[in-house]
Amino acid sequence: MPMTKKNTAKPKEAKPAAGPAKKGPAPINLVRGMKDILPADQPYWDMMRRKADELSKAYGFERIDTPVLEETALFVRGVGKLTDIVEKEMYAFDTVGGEHVCLRPEDTAPIVRSYIQHGMLNLPQPVKLWYLAPMFRHDRPQHGRYRQFWQYGCEILGDSAAVVDAQLIFLAYLFLKELGIESTVQINSIGTPESRANYKNALVSFFRSRRNKLSEEDKKRLLKNPLRVLDSKDPAVMEMKAEAPQIVDWLDEDSKAHFMRVLEFLDEMKVPYELNPYLVRGLDYYTRTVFELYANSGDQDLAQSAVCGGGRYDGLSEVLGGRPTPAAGFAMGLDRIFSLLKEQNVAVAPETADVFVAQLGDQGRKRALAVFEELRKAGIPAGEAFSKDSIKAQMELANKLKVKIVVIIGQKEVLDGTAVIRDMDSGTQEIVDVRKIVHEINKKLGQVQAH
RNA sequence: GUGGCUAUGGUGAAGUGGUUAUCACAACGGGUUGUGGUCCCGUUUUCAUGGGUUCGAAUCCCAUUAGCCACCCCA
């Protein structure tokens, strides 16, 4: 559906006698970066929603929904003022009441905000929460990257144990696996803010001495967020990286021990992972464990093959004005998983009715309405087209819906107190007592299933 | 935000300067008013938008918009 007409303010009325009246106002299009999830794709989304619900519950998480709109300050402080998300990707605006608000770009900060505001520290710790909701970032759209995108995430607040990190990673891995997507975990530890600061200094002085080899982009990064230089795809930097100081060597003893324990648990749970000393995350709140999950299937070269990101964020609660609260979590990009599911042609069971209620004539229609309702109450979902008069059109529709049997009620049947039951595969029909319709249909469905 | 590629009915395509723009699928209607899947007939809907070059533009040029790819960043 192309058609674009944003700047349509042009006066085009100049020629009134141009011919037959045509074209009303220009069609309204989707806002850039937005996406409709159409009925044909819903089965995939249902699969993901159901799996998220099932696994989260099984692992002791409780659902939470936070508002789409939050105070802008929440993310400026939580995610980090200098991160790209906050600096240039937020849908931020002032309300008529003068509040500074924005569409949430992620859900971890809001959840911590909620944890603090509702005194969840008085609940038995840890508090385990999950969400499945749309997020908003004003990025340049691409396949698998939209301005409104859906995330499934889990957060564990109030627990600093290494096993928590591992369990979250395992859960993310399991979610993908059970949807039929094999993935690999990339993992690293970025220590505490203090140990990281030391490492940053070492890194900066390392690259400073080789400053002339850096691109303009990387020079800027070196000033703003030195860790990100490690992410650079510049071949020159990739080479230098090998000699650059590694963060593992700068970790404090506690962080190192924590990291080792996380890895041990992952080994125990047989989660395939790769240590990636260059993995740093773009959000300021992370401490210690950071990880990303990549789908093995799909196009490996695609920049959007990262489907999940997460880590530990022990300092976030304090930054947001709460008590020190260790925590960790992950966020899963459902739009990307959806594309993978679709590419892999994962079988999704379309939800179709087995029965169709067809009617003929006004009397027939009235009786059919009652029969339809009777079936519904009996737990038999049925298709219908009560607005259509032609039996032919109704049969065509029944055929397209791939129902197994059609109940036909016309004038004659109303007078006789009967109904016609047609087996759509064999084309055979039988006349039954309309008062026993539910029983007859159940019997018939039982026979059909037996084949 | 930067660069590259692309843009033909609802969908997938053909058409690279010359008359009424082609095909398939889909949708809707019909094949004498009580029966689907096959078949036959018909109908609706297009050259993304704006401008330019030309006797003539879907076709060439420019701008805009959008999609995709890479970067940036991230899920």
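Basis for what follows: all heavy atoms, side chains included, without hydrogens, waters or symmetry-related copies. Numbers restart at 1 for each chain; the letters A, B, ... are given by sequence-line order, proteins then strands.
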Pairwise 5' ranking along RNA chain B for R140(A) and I391(A), keeping only the more 5' one: R140(A)
Please list, chain by chain and in numerical order, all residues satisfying side-chain contact (heavy atoms from CB on, under 4.5 Å) with R113(A), sequence neighbours excluded. P67(A), E70(A), L74(A), P110(A), Q117(A)
Side chains of N296(A) and T184(A) only: does a donor on one sit below 3.5 Å from an acceptor on the other? yes
In this structure, are over 12 heavy atoms from other groups packed under 6.0 Å from R435(A) atom CZ? no
Please tell me which of the listed nucleotides, rG31(B), rC74(B), rC71(B), lies nearest to the side chain of I85(A)? rC74(B)
Separation of the P atoms in rG9(B) and rA21(B), to the nearest angstrom: 15 Å
Please state the C1' separation for the pair rG12(B) and rG17(B) - nearest whole angstrom. 27 Å
What is the nucleic acid contact for F330(A), judged by heavy atoms within less than 4.0 Å: base, sugar-phosphate only, or nothing? nothing
Using the P atom in both, what is the distance from rU46(B) to rU38(B), to the nearest Å? 28 Å
Grab the CZ-P distance between R32(A) and rG1(B) for me, whole Å please. 7 Å
C1' atoms of rG52(B) and rU59(B), separation to the nearest Å: 15 Å
Say we look at rU45(B) and rA26(B): how far apart would their C1' atoms be, to the nearest angstrom? 12 Å
Is there a donor and acceptor pair, one atom on the side chain of E413(A) and one on the base of rG34(B), closer than 3.5 Å? yes
Check the distance between rC74(B)'s C1' and R137(A)'s CZ and give it to me in whole angstrom. 6 Å
Please classify the nucleic acid contact of K392(A) as base, sugar-phosphate, or nothing, using heavy-atom distances under 4.0 Å. base
For rA63(B), which nucleotide in any strand shown is its Watson-Crick or wobble partner with both distances under 3.5 Å? rU49(B)
Ranking rG1(B), rG36(B), rG34(B) by distance to the side chain of M395(A), first place goes to rG36(B)
Please round to the nearest 0.5 Å and tell me the distance separating atom OG1 of T287(A) and atom CD1 of I190(A). 7.0 Å
Classify the ring geometry of Y286(A) against Y313(A): parallel below 30°, tilted from 30° to 60°, perpendicular beyond 60°. perpendicular
Contact class for Q429(A) (heavy atom, under 4.0 Å): base, sugar-phosphate, or nothing? base
Could you tell me how far rC71(B) sits from rG29(B) if I compare only their P atoms? Round to whole Å. 50 Å
By the 4.0 Å heavy-atom rule, please label A398(A) as base, sugar-phosphate, or nothing. nothing
Side chains of Q151(A) and R104(A): any donor to acceptor distance under 3.5 Å? no
So what does R228(A) touch, heavy atoms closer than 4.0 Å: a base, only the sugar-phosphate, or nothing? sugar-phosphate
Can you figure out which of rG36(B), rG34(B), rG1(B) approaches the side chain of Q411(A) most closely? rG34(B)
Classify the nucleic acid contact of E106(A) as base, sugar-phosphate or nothing, counting any heavy atom under 4.0 Å across all strands shown. nothing
Give one of base, sugar-phosphate or nothing for G427(A), where a contact means two heavy atoms less than 4.0 Å apart. base
Could you tell me how far rA14(B) sits from rU8(B) if I compare only their P atoms? Round to whole Å. 11 Å
Start at the 5' end of RNA chain B and walk down; is the nucleotide closest to L397(A) or to L293(A) reached first? L397(A)
Rounding to the closest angstrom, what is the interatomic distance between rA27(B) and rG56(B) at atom C1'? 36 Å
Determine whether a donor-acceptor pair (one donor, one acceptor, N or O, separation below 3.5 Å) exists between the side chain of N399(A) and the base of rG36(B). yes
Is I408(A) touching bases, backbone alone, or none of the nucleic acid, heavy atoms closer than 4.0 Å? base
Could you work out which one of rG67(B), rC71(B), rU35(B) sits closest to the side chain of P141(A)? rG67(B)
Could you please name the option among rC68(B), rG67(B), rC72(B) that lies closest to any side-chain atom of H143(A)? rC68(B)
